[in-house]
Amino acid sequence: MTPFVQSANAWLRRVPVWPVYAAGAALPLWLFWQGASGALGADPVKAMERTLGLWALRLLVLGLAVTPLRRLTGISLLRFRRAIGLTAFGLALCHFLTWLALDMGFLWGQIVADIVKRPYVTMGMAGLVLMLPLAATSNDWSLRRLGAGRWRRLHRLTYPVVLAGAVHYLWLVKAWPVSPILYLAAVGALLALRFGWWRPRRGANGAIVR
C-alpha cells in the first residue's frame with residue numbers, strides 16, 4: 001500500500017458518515033422548494049422525478065464500486081457503504097412517491113396499468129421491491145440475527161437492483177442518448193469485476209488458486 005493510499009484511508013477514517021444521510025435528506029426538500037418556487041421549469045414534477053431517480057442510481061453505482069475500488073487501488077470506502085445504500089434507497093423511494101402522488105395523483109387503476117404495461121415502470125418497480133429487504137436489514141441487529149453468511153447472500157440482491165436501475169433509466173428515456181448507456185456500461189463493468197472475483201481461478205493442475 002502506497003503512502004498516498006495510507007494517507008487517504010487515514011483521512012477517510014476521520015470523515016463522519018452522517019453527512020451522507022444529511023445530503024440525502026436535503027435533496028428532496030431542496031427539490032420540493034425549487035419546484036414550489038418555479039425554479040424547476042415548466043414541468044417541475046418530471047424534473048423532481050428525474051433528479052431523484054438519477055441520484056439514486058448514482059449512489060447505487062457508487063455503492064457497487066466500493067469493493068472494486070478497494071481491491072484495485074487500496075482506497076477503502078467500506079465504512080460509508082451502508083450510508084450510501086440507505087440513502088440510495090431513500091432517494092429511490094422519494095422518486096417513486098413523487099411519481100405516485102404528484103405525477104399519477106394516486107390514480108390506482110392507471111398506476112397498476114403502467115406497472116404492468118410499461119417495461120421501464122415494471123423494471124423500476126422490480127428494483128425498488130428488491131431494495132426493501134436490503135434497506136430493512138442494513139443494520140447491525142439484522143447482521144447478528146441472520147448471521148454473516150446469510151446476510152451476505154441476501155445482500156447480493158444489490159446486483160440485480162443496480163442493474164434494474166440502469167435498465168429502468170435506459171428504457172425511460174425512449175432513445176439512445178449517451179448518459180444512460182454509460183451508466184449501464186459502468187454497471188456491467190462493475191458486475192463483471194465482482195463476478196470475476198467470486199469465481200475461483202484454477203491453476204494448470206486444476207487446483208483452485210486463492
Side-chain angles (χ1 to χ4, degrees), residues 1-30 51-95 127 130-166 169 179 182-203 208-210:
M1 187 177 294
T2 66
F4 170 78
V5 171
Q6 290 177 334
S7 298
N9 286 336
W11 178 78
L12 286 169
R13 284 192 291 270
R14 294 193 296 270
V15 176
V17 174
W18 66 262
V20 179
Y21 295 110
L27 178 61
L29 297 175
W30 180 76
T51 303
L52 289 167
L54 188 55
W55 274 104
L57 178 59
R58 287 169 176 166
L59 289 176
L60 287 171
V61 173
L62 177 60
L64 188 63
V66 167
T67 296
L69 178 68
R70 181 173 60 87
R71 295 191 177 185
L72 290 173
T73 68
I75 294 176
S76 178
L77 298 175
L78 286 174
R79 63 189 297 264
F80 298 97
R81 186 160 59 183
R82 179 182 295 179
I84 291 169
L86 287 173
T87 303
F89 170 72
L91 293 179
L93 184 60
C94 288
H95 170 72
L130 290 176
M131 291 180 81
L132 293 174
L134 297 177
T137 59
S138 290
N139 52 74
D140 294 336
W141 182 86
S142 294
L143 178 58
R144 291 192 299 269
R145 182 77 174 177
L146 293 172
R150 284 194 295 172
W151 189 90
R152 281 195 297 268
R153 287 192 294 273
L154 174 63
H155 278 252
R156 287 176 184 173
L157 286 174
T158 300
Y159 310 123
V161 164
V162 184
L163 184 59
Y169 181 35
S179 180
L182 290 177
Y183 277 101
L184 185 59
V187 170
L190 290 169
L191 288 175
L193 287 171
R194 292 303 303 268
F195 279 109
W197 279 322
W198 285 344
R199 296 192 187 103
R201 293 175 297 146
R202 295 186 178 274
I208 293 176
V209 179
R210 298 191 181 275

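Keep in mind that this is a model prediction, so the values were computed, not measured. We're numbering straight along the sequence, starting at 1.
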Less than 4.5 Å apart, any side-chain heavy atom of [X] and any of [Y]?
X    : Y    : result
L64  : Y159 : yes
W55  : H95  : no
M131 : L60  : yes
I75  : R70  : no
V66  : F80  : no
V15  : W11  : yes
S138 : H155 : yes

- Decide, yes or no, whether a salt bridge links D140 with R82 under the criterion of side-chain N to carboxylate O below 4.0 Å. yes
Is it true that a side-chain atom of [X] and a backbone atom of [Y] form a donor plus acceptor pair closer than 3.5 Å?
X    : Y    : answer
R145 : W141 : no
R13  : A8   : no
W30  : A25  : no
R14  : N9   : no

Roughly how far apart are [X] [atom1] and [Y] [atom2], rounded to 0.5 Å?
X    : Y    : atom1 : atom2 : value
L27  : L52  : CG    : CG    : 5.5 Å
R194 : R156 : CZ    : CZ    : 9.0 Å
L190 : L69  : CG    : CG    : 10.0 Å
L157 : L130 : CG    : CG    : 5.5 Å
L134 : T158 : CG    : OG1   : 4.5 Å
Y169 : L184 : OH    : CG    : 11.5 Å

So which heavy atom on [X] is nearest to which on [Y], and how close?
X    : Y    : value
A88  : L59  : CB-CB, 3.7 Å
V17  : A83  : CG1-CB, 3.3 Å
G127 : V161 : O-CG2, 3.8 Å
A56  : L91  : CB-CB, 4.0 Å
L57  : G165 : CD1-C, 3.8 Å
W151 : T137 : NE1-O, 2.8 Å

- Query: Is it true that the side chains of R81 and T67 contain a donor and an acceptor less than 3.5 Å apart?
  - Reply: yes
- Around R152, counting heavy atoms of other residues, nucleotides and ligands shown, do more than 12 lie under 6.0 Å from its CZ? no
